Amino acid sequence: MRWSRLFIPTLRDAPAEAEVISHKLLLRAGYVRQLSAGFYCYLYLAKRSLNKIERIIREEMDAIGAQEVYTPEVHPAELWKESGRWDSIGHDMFRLQDRWGRDLCLGMTEEEVMTWLAKGELRSYKQLPQIWYQIQAKFRDEPRPKAGLMRVRRFTMKDSYSFDLDASGLDESYKKHYGAYCRIFDRCGLDYLPVEAHSGAMGGSESHEFVAPSAAGEDWLVECADSGYAANVEKAVARPKPAPEDEPDENPPEEFDTPGKKTIEEVASFDGLPATSHIKTLVMVADGKPILVLLRGDHGLNEAKLEGILQARELRPAHPEELGDWMGAGAGSLGPVGVGPKLKILADSALEGRKNMICGANKDGKHLRNVTPGRDFEAEFVDVRQVEDGDLDIQSGSPVRLRKCIEIGHIFKLGYRYSESMHLRVLDVNGKEVAPIMGSYGIGLERILTAAIEQNNDEGGMALPASIAPFEVVVTPVNLKDEQQAEAAERIYADLKTAGIDVLFDDRAERAGVKFKDADLIGIPYRIVVGKGIVDGNVEFVDRASRQASDAKLEDVVSLLAEKLVPTRS
RNA sequence: CGGGGCGUGGCGCAGUCUGGUAGCGCGCCUGCUUUGGGAGCAGGAAGCCGGGGGUUCGAAUCCCUCCGCCCCGACCA
């Protein structure tokens, strides 16, 4: 394409609304423009790049035998009522009504529609397994869209769904996706890794997230270099840093005054014991029912774990009034002694076997000392602790590390949740009705672009991997008024096109500096500069990412580039 | 939803405190010169100062109200 005819509105200054690097560069490089919060227009360059990502995904999905389909973005409410998610999802779902007042929603994921489709058509085990996928807009009314394309209200998703006769079949489908996802992200040139993940509102047993480490990410990845362990922090387990030995005495609990001391830190510095000797008492409300959750004073609650243990749909901290009603004291003076069996008490496993700890007395301004779990209160011990940097890995015993990352894909074993709730059945080999077992698998296309930019940029702009850059190479004549340069540049452009290379020809009547700056900004991986050297038959070949430049013969440059592109094309 | 910030030509900003009829840089258009890392000179176009209401002789500026955008938190497949 000839740059002079294209709409690539680059900016010298980043608009003030942009904070993260990828957002700034997407705007500056003329990739996107924002329509309103969480809604973006994709301009020519972004669309080209997304098309390439789409193509890679399509090739790899087709390669595992998945079949591409397309379902409507607007869904009738009935389907979502059938699965129960019309009520459980809440404000994240865009809802609307048609002219007759019938409830509809915009698709945020497609388990319901795909299960409906399967229900109408699948009759026999002989038709299984099936994997159906689509690449389509998804809508989620995020409470806070942010960071450019990172968290938006309309995005493009590759979503696929597998239907198998039994668990081992699902294993197969799951493995196929796992492999396809690795190949997709490899081909997109991302630094990424699969991690064990929390299956959240999707339900189901096994789940992996594919994450791209990046400071701009919103998720935390827990990893251990020695064992290779990697998990989302929502799911991660590790051994906590040990607490000092407890006092061995066998004294009963004793109340003492702690006027105005509310946080663990305040109480600890008041009573002189370390935070690890305190019990943090939280009152959570799970589907309307109060639960007491206990943690070591220096630990934090992992709500995802708790939600999983309780199988709760909705989990929230208790309101201050509720604390008064249930506990007789406010936050900062709560404790488990004397509370059971009225309230269910869950204690984090780090409290198991501990003695003589300090907790709130359920009287404002008072705490108890010499509190021993198991003796002074009964609790069920569970893992509800949020893993922290420096905790010890279960396998290797080495410290784990926390890193921020961007979630780019997620695969779930759904089990029978949707086939049961929506009554999907096929006949098995004995002529008996059975529910197929399902999996669902998603990739966010814009997240791939965002992660690629976050991972590949410098002060000059983006340096996208060749496989997903909008163009593979830009041809830059330094001075178009120089006939020899103009002619050579035209010829290289034509030859590159003939060779099937995705080439952008910067034929604009701009000075060389402007062209270089723009080419760097929009992130084209290779640049061929046609300048004064052309009198000796030389052009310059520049690698965007490394900024390394070398001379090449005019007649060699096309094959030189073609060779470099080979690994990016498979 | 709670807290904070912002809204002035396409982009970045000043002007608002102390009311007097809008300015700077970049970009854009025309011409000439220039041509290897965002050129120079000359000329030019472009703004209901987010919307509405009020105060005032007079409002970008003061008051009320609504809207939008960004950040932190809550939330989040």
Side-chain angles (χ1 to χ4, degrees), chain A residues 7 9-20 23-24 27-30 33-40 83 85 88-93 107-111 138-148 150-153 155 157 159 197-204 207-209 218-219 232 234-235 303-304 307-308 313-317 319 407-412 414 417 440-444 447 459-461 476-482 485-486 506 508-521 527-534 538-540 542 547 549 551:
Chain A
F7 180 58
T10 58
L11 301 171
R12 288 198 185 200
D13 301 308
E17 76 230 24
E19 194 106 335
V20 307
H23 189 195
K24 283 184 184 165
L27 290 166
R28 280 194 60 209
R33 291 294 181 259
Q34 185 178 35
L35 213 210
S36 70
F39 293 108
Y40 281 84
S83 72
R85 293 205 291 182
S88 68
I89 281 186
H91 293 297
D92 269 16
M93 185 187 274
M108 53 199 305
T109 176
E110 306 265 337
E111 283 75 19
K138 295 290 181 287
F139 298 84
R140 296 180 187 184
D141 194 1
E142 294 286 345
R144 188 148 93 81
K146 58 190 268 203
M150 185 95 78
R151 182 162 291 275
V152 288
R153 296 198 283 176
F155 61 99
M157 186 185 221
D159 49 317
H198 176 66
S199 47
M202 298 294 289
S207 167
H208 283 86
E209 246 171 38
E218 303 181 298
D219 288 351
N232 188 305
E234 290 190 335
K235 165 97 177 180
E303 291 197 21
E307 210 174 289
R313 279 187 167 179
E314 198 201 325
L315 187 68
R316 63 171 173 85
H319 300 141
E407 177 187 357
I408 50 179
H410 205 153
I411 58 180
F412 299 90
L414 291 175
R417 169 161 182 186
S440 97
Y441 318 85
I443 292 180
R447 291 265 179 99
E459 58 298 333
T476 310
V478 167
N479 185 352
L480 275 171
K481 287 190 181 158
D482 179 316
Q485 286 183 28
D506 195 350
R508 295 175 300 167
E510 292 286 354
R511 296 165 60 88
V514 174
K515 296 186 186 184
F516 294 153
K517 290 285 187 195
D518 273 344
D520 286 353
L521 180 59
R527 187 172 80 214
I528 296 170
V529 183
V530 183
K532 291 187 189 117
I534 201 65
N538 286 328
V539 297
E540 193 182 40
V542 186
R547 303 229 177 191
D551 280 338

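Atoms considered below: every heavy atom in the structure, side chains included; atoms not considered: hydrogens, waters and symmetry mates. In this text the structure is predicted, and so the values were computed from the model without any measurement.
Across all strands shown, B:U18 remains unpaired; no Watson-Crick or G-U wobble contact has both distances below 3.5 Å. As the counterpart of B:A60, no nucleotide is assigned, since no Watson-Crick or G-U wobble pattern has both distances under 3.5 Å. For B:C32, the paired nucleotide is B:G40, the pair qualifying as Watson-Crick or G-U wobble because both relevant distances are below 3.5 Å. Nucleotide B:A74 forms a pair with no other nucleotide shown, judged by Watson-Crick or G-U wobble geometry with both contacts under 3.5 Å. Nucleotide B:G7 has B:C67 as its partner under the Watson-Crick or G-U criteria, with both atom distances under 3.5 Å. In this structure B:C49 sits in no base pair that meets the Watson-Crick or G-U test at under 3.5 Å.
To the nearest whole angstrom, the two P atoms, one in B:C72 and one in B:C29, are 37 Å apart. The gap from the P atom of B:C64 to that of B:U55 amounts to 15 Å, rounded to the nearest Å. B:U65 sits 15 Å from B:G3 when the P atoms are compared, rounded to a whole Å. Taking the P atom of each, B:G68 and B:A59 are spaced 27 Å apart, rounded to whole Å.
Rounded to a whole Å, the CG atom of A:L11 is 13 Å from the P atom of B:G10. In this structure, NZ of A:K24 is placed 12 Å from C1' of B:C70, rounded to the nearest angstrom. Counting to the nearest Å, the P atom of B:C76 and the CD atom of A:E407 are 14 Å from each other. Rounded to a whole Å, the CZ atom of A:R151 is 12 Å from the P atom of B:G73.
With B:C70, B:G36, B:G38 as the candidates, the nucleotide lying closest to the side chain of A:T10 is B:G38. Each of B:A77, B:U35, B:A39 was ranked by its minimum atom distance to the side chain of A:I89; first place goes to B:A77.
Contact annotation for A:D482: no contact, since no heavy-atom pair falls under 4.0 Å across all strands. A:T476 comes within contact range of no nucleotide atom at all, as no heavy-atom separation falls under 4.0 Å. Contact annotation for A:L27: no contact, since no heavy-atom pair falls under 4.0 Å across all strands. At the heavy-atom level, A:A147 lies under 4.0 Å from the strands shown only through sugar-phosphate atoms. Residue A:P15 is classed as a sugar-phosphate contact, given heavy-atom separations below 4.0 Å to backbone atoms only. Looking at heavy-atom distances under 4.0 Å, A:R33 makes no contact with the nucleic acid at all. Residue A:A18 is classed as having no contact, given no heavy-atom separation below 4.0 Å to the nucleic acid. Among the heavy atoms of the strands, none lies under 4.0 Å from A:K515.
For A:R28 (side chain) and A:D13 (main-chain N/O), no donor-acceptor pair under 3.5 Å exists by modelled atom type.
Taking side-chain N and O atoms only, A:Q485 has no distance below 4.0 Å to OP1 or OP2 of B:U35. Regarding contacts with the backbone of B:C26, every side-chain N or O of A:R12 stays at 4.0 angstrom or more from both OP1 and OP2.
One finds no salt bridge joining A:D506 and A:R527 here, because no Lys/Arg side-chain nitrogen approaches an Asp/Glu carboxylate oxygen to under 4.0 Å. A salt bridge is absent between A:K146 and A:E19; no separation between the charged side-chain nitrogens and carboxylate oxygens falls under 4.0 Å. Between A:D159 and A:K138, at least one side-chain nitrogen of the basic residue sits less than 4.0 Å from a carboxylate oxygen of the acidic one, meeting the salt-bridge criterion. The existence of a salt bridge linking A:K235 and A:E209 is excluded, since no basic side-chain nitrogen approaches an acidic carboxylate oxygen closer than 4.0 Å. A salt bridge links A:R151 with A:E142: the closest approach of a Lys/Arg side-chain nitrogen to an acidic carboxylate oxygen falls below 4.0 angstrom.
Within 3.5 Å, a donor on the side chain of A:E540 pairs with an acceptor on the base of B:G36, or the reverse. Residue-to-nucleotide contacts include no donor-acceptor pair under 3.5 Å from the side chain of A:R508 to the base of B:G38. Within 3.5 Å, no donor on the side chain of A:R144 pairs with an acceptor on the base of B:G2, nor the reverse. Between the side chain of A:D520 and the base of B:G37, a donor-acceptor pair under 3.5 Å is found.
Both A:V514 and A:R140 lie near RNA chain B, and the one whose nearest nucleotide falls closer to the 5' end is A:V514. Closest-nucleotide positions on RNA chain B for A:M157 and A:R28 were compared, and the one nearer the 5' end corresponds to A:R28.
Across A:D92 and A:P143, no two heavy atoms sit closer than the pair OD1-CD, 4.0 Å.
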